[in-house]
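Only one structure is covered here, and it is reproduced in the block below.
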Amino acid sequence: MVHIELPDGSVKELDQGSTPLDVARGIGEGLARQAVAAKINGELRDLTTPLENDAKLEIVTLKSQGGLELYRHSAAHLMAHAVKSLFGKEVQVTIGPAIDNGFYYDFYSEEHAFSPEEFETIEAKMSELAKADLPIVREEVSATEAVEMFRGMGEEYKVELIEDLGAETVTLYRQGDFVDLCRGPHLPSTGFLKAFKLTSVAGAYWRGDEKNAMLQRIYATAFPDKKEMKKHLARLEEARKRDHRKLGRELDLFSFSEEAGAGLVIWHPKGALLRTIIEDFERKEHLKRGYDIVMGPQILRTDLWKTSGHYENYRDNMYFTEVDEQGYGIKPMNCLAHMLIYKSKLRSYRDLPLRYFELGTVHRHEKSGVLHGLLRVRGFTQDDAHILCRPDQIDSEVKGVMRFVQEVAGIFGFEYNMELSTRPEKSIGSDEDWERATSALKSALDDSGQPYEVNEGDGAFYGPKIDVKLKDALDREWQCATIQCDFTLPERFELNYIGQDGEKHRPVMLHRVIVGSIERFIGVLIEHYAGNFPLWLSPVQATVLNVTDNQADYARKVHDQLRAAGLRVELDLRNEKLGFKIREAQVNKIPYMLVIGDREVENGTVAPRFRKGNNLDPMTVDEFIRFVQDECRQYH
RNA sequence: GCUGGCGUAGCUCAAUAGGUAGAGCAGCUGACUUGUAAUCAGCAGGUUGCGGGUUCGAUUCCUGUCGCCAGCUCCA
């Protein structure tokens with residue numbers, strides 16, 4: 001007999017060798033039907049695992065934590081099964097994990113290239129195998145046996161995996177004539193899989209290393225039922241409508257030109273205005289926080305990039321030019337000029353910290369395949385600052401930056417993820433430096449009250465860093481804010497300050513950006529608001545619409561008055577029906593439409609309509625101006 | 001950079017078993033003077049991304065190149 005303790009504290013007595021499925025049945029048929037796995041002493045296991053000893057047991061259903069992931073993992077096996085039965089030895093299987101909203105499986109094939117046209121065929125095969133409700137059976141075999149078996153099947157990648165595992169025994173999962181190396185656990189049978197759909201195929205390197213073979217990765221989505229999957233696909237469809245590349249064109253904000261070059265943004269009037277509003281906001285917020293605005297040149301002599309170490313490490317990503325036999329590098333970062341400003345005179349410990357802020361435009365030759373709308377470009381402007389401080393000031397400076405980041409995220413209503421990256425294997429600087437800097441970053445993160453991830457060994461070679469990531473419409477993460485400690489530049493540029501003791505000391509440098517690249521930030525912003533910018537950001541805040549030509553003069557007067565008051569306003573006097581003009585303003589996501597008909601002319605008012613569709617009571621122009629100013633004040 | 005896919009009018013898309021392209025919206029012209037998401041009519045608009053090849057003939061097939069999309073790798 002074994003004693004099994006359930007989550008509610010009750011204890012069941014069962015025959016040795018009973019399974020969690022037996023336990024579920026004992027509790028109720030309903031639970032047994034929904035059960036997909038079990039947590040035995042906290043470990044996720046198959047429902048058919050024999051219970052040999054006393055244990056704590058929790059039945060896992062599709063609704064419980066980990067249940068859905070397991071479901072998707074089994075769906076990945078189902079897809080591999082389908083692909084193998086369709087393509088046989090032409091295709092080798094590798095690995096296939098569950099991911100957010102679905103799963104993928106990586107295949108290797110020399111002969112066959114998967115295309116989306118085949119998705120239906122593969123899905124049909126999957127459905128067929130699911131309908132057959134094949135039991136998914138766990139087997140434990142010796143590693144040598146497994147190697148022999150997979151080698152016999154021509155599955156070289158599986159052989160490599162087993163050999164690298166270095167374990168004595170491995171587990172296999174078998175469903176029908178398909179067998180895969182897998183730790184599991186899995187669903188009891190293929191019949192549990194109800195809703196799945198292949199979504200895309202793309203290349204992926206074996207083991208994520210570009211030196212390895214390129215595999216073919218098929219992405220798919222999977223849900224416990226069709227309705228939920230449909231909902232997910234509809235959400236994706238909605239997200240695509242928020243794509244900043246699409247909205248950027250539709251709202252006439254920016255464009256790219258093949259003639260100008262890939263990854264180089266061309267800002268149209270409305271986009272440039274939006275950007276200007278954000279830049280003005282940045283300057284104001286930085287001045288408030290004790291930063292000095294500085295400006296450096298676009299190109300600096302190549303020698304200086306050699307001094308900084310950029311030439312040695314990053315020249316492949318830099319653009320160079322030569323005039324009069326003098327080489328120049330187009331700046332990929334803004335720090336050099338800031339170093340020169342620091343060095344322009346003798347500094348005292350009393351001067352520190354110095355905070356140099358620059359809306360610095362940089363150019364980096366990013367690999368062609370990584371460019372992505374505004375989110376990854378080759379020319380962009382950073383809200384960049386370099387803080388030079390004494391070692392004892394690191395802590396408070398980092399915390400100040402952290403607060404700044406959080407305040408800005410709050411103003412724009414962003415949720416964000418934070419990561420701390422620590423010392424990599426290849427690094428410079430003393431243990432003491434690293435310790436001090438890392439603990440300053442960590443303490444700022446702890447103080448922030450937000451959860452964060454630690455990426456051990458993921459820091460830059462010159463110092464640890466905090467990254468803040470924002471998500472785009474499709475939940476892809478993009479790094480925006482970052483705080484990095486740097487031990488090399490003060491060293492390489494021989495920066496120093498005179499301390500209280502009259503001796504020279506080396507300052508510490510922090511690189512930091514708040515929104516990061518303005519381009520990227522605007523890209524994320526567009527998707528975040530779906531193009532419906534809050535009033536204070538809207539490049540066009542209101543448009544004045546006359547009903548007929550009769551009100552043209554008054555409409556012009558209203559427009560001029562609003563413009564004089566500093567509102568960003570347009571005038572639409574076209575000879576069109578009101579409905580037509582409203583629609584157009586609506587499509588352009590202009591916050592307020594000011595309708596002017598005979599009534600308004602007579603009363604000296606405007607009739608505002610909000611882009612959400614609701615109308616406000618008619619008001620005078622002055623009232624509307626105050627109304628807009630009040631609304632803008634709410635945001636910052 | 002890599003793998004796969006794609007590139008037709010300003011935008012969204014159609015067409016061709018190889019026989020030099022068509023629609024809606026936008027634009028222009030005219031009529032209509034209009035009250036909260038599309039008034040009607042007419043006109044105009046493309047060396048089918050660019051270069052080379054095969055062919056009597058290429059937008060269609062092949063090849064190179066540029067760009068875009070998805071993902072991978074990268075992101076100081």
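Convention: sequence-line order gives letters A, B, ...; per-chain numbering from 1. No experiment lies behind these values; they were computed from the predicted model shown.
Among the heavy atoms of the strands lying under 4.0 Å from A/Asn615 is at least one base atom, whether or not backbone atoms are also near. A/Gly579 comes within contact range of the sugar-phosphate backbone alone, with a heavy-atom separation under 4.0 Å but no base atom that close. A/Glu600 comes within 4.0 angstrom of a base, heavy atoms only. At the heavy-atom level, A/Arg599 lies under 4.0 Å from base atoms of the strands shown. The residue A/Ala585 sits apart from the nucleic acid: no heavy atom pair falls under 4.0 Å.
Annotation: the span from A/Ile483 atom CD1 to A/Met418 atom CE amounts to 9.0 Å, rounded to 0.5 Å.
The shortest heavy-atom contact between A/Glu494 and A/Lys343 is O-NZ, 4.3 Å.
Taking the C1' atom of each, B/A15 and B/A58 are spaced 15 Å apart, rounded to whole Å. Remark: the separation of the P atoms in B/A17 and B/A31 is 46 Å, to the nearest Å. A gap of 22 Å separates the P atoms of B/C11 and B/C66, to the nearest Å. If you take atom P in B/G24 and the same atom in B/A14, they sit 16 Å apart, rounded to whole Å. When the C1' atom is used for both B/A9 and B/G27, the distance is 11 Å, rounded to whole Å. Using C1' as the reference atom, B/C74 and B/U47 are 40 Å apart when rounded to the nearest Å. Using P as the reference atom, B/C32 and B/G7 are 45 Å apart when rounded to the nearest Å. Taking the C1' atoms as reference points, B/C56 lies 37 Å from B/U12, given to the whole Å.
Using cut-offs of 30° and 60° on the angle between ring planes, the pair A/Phe624 and A/Tyr592 is perpendicular.
With rounding to whole Å, A/Arg583 atom CZ is found 6 Å from B/A37 atom C1'. The CZ-P distance, from A/Phe119 to B/G5, rounds to 12 Å in whole Å. Rounding to whole angstrom units, CG of residue A/Asn212 and C1' of B/G1 are separated by 15 Å. Nucleotide B/G4 holds its P atom 13 Å from the CD atom of A/Glu118, rounded to whole Å. As rounded to whole Å, 15 Å separates atom C1' of B/G10 from atom CD1 of A/Ile266. Atom CG of A/Leu215 and atom P of B/C2 are 17 Å apart (whole Å). In this structure, A/Glu250 places its CD atom 14 Å from P of B/A26, rounding to the nearest Å.
Residues satisfying the side chain to side chain contact (heavy atoms under 4.5 Å, CB included) test with A/Thr302, not counting sequence neighbours, are A/Lys306, A/Tyr311, A/Phe320. Listed by chain and number, the residues in a side chain to side chain contact (heavy atoms under 4.5 Å, CB included) with A/Lys241 are A/Glu238 (sequence neighbours excluded). Annotation: side chain to side chain contact (heavy atoms under 4.5 Å, CB included) contacts of A/Ser308 (sequence neighbours excluded): A/Trp305, A/His310, A/Leu336, A/Leu489, A/Phe493. Residues satisfying the side chain to side chain contact (heavy atoms under 4.5 Å, CB included) test with A/Ala82, not counting sequence neighbours, are A/Ile122, A/Lys125, A/Met126, A/Leu129.
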Listed pairs under 3.5 Å, donor-acceptor, residues 603-612 of chain A side chains, sequence neighbours left out:
unit_1	atom_1	unit_2	atom_2	d
A/Asn603	ND2	A/Arg599	O	3.2
A/Arg609	NE	A/Gln586	OE1	3.3
A/Arg609	NH2	A/Gln586	OE1	3.1
A/Arg611	NH1	A/Phe533	O	3.2
A/Arg611	NH1	A/Lys589	O	3.0
A/Arg611	NH2	A/Phe533	O	2.6

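Under the side chain to side chain donor-acceptor pair (under 3.5 Å) criterion, the residue pairs touching residues 255-266 of chain A are A/Ser255-A/His268, with sequence neighbours excluded. Sorted by first and then second residue, the salt bridge (charged side-chain N to carboxylate O under 4.0 Å, His left out) pairs with a member in residues 247-256 of chain A read A/Lys246-A/Glu250; sequence neighbours excluded. Pairs passing the ring pair (Phe, Tyr, Trp, His ring centres under 6.0 Å) check and including a residue from residues 452-475 of chain A, sequence neighbours excluded, read A/Tyr462-A/His511. The salt bridge (charged side-chain N to carboxylate O under 4.0 Å, His left out) analysis of residues 470-480 of chain A, with sequence neighbours excluded, yields the pairs A/Asp472-A/Arg476.
Where A/Ile596 and A/Phe114 each meet RNA chain B at their nearest nucleotide, the meeting point lying more 5' is that of A/Phe114.
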Open item on the list: Generate the contact string for nucleotides 27-33 of chain B. Rules: B means base contact, S means sugar-phosphate contact only, - means no protein heavy atom under 4.0 Å.
Closed with: -----BB
TODO: At under 4.0 Å between heavy atoms, which parts of nucleotides 63-76 of chain B does protein reach? Answer with one letter per nucleotide, 5' to 3': B base, S sugar-phosphate only, - none.
DONE: ---BSSSBBBBBBB
- [ ] Return one dot-bracket line describing RNA chain B 5' to 3' (Watson-Crick or G-U wobble pairs, both distances under 3.5 Å; ( ) same strand, [ ] crossing, | another strand, . none).
- [x] (((((((..((((.....[..)))).(((((.......))))).....(((((..]....))))))))))))....
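A cation-pi arrangement, defined by a distance under 6.0 Å to the six-membered ring centre and an angle within 45 degrees of its axis, is present between A/Arg217 and A/Tyr104.
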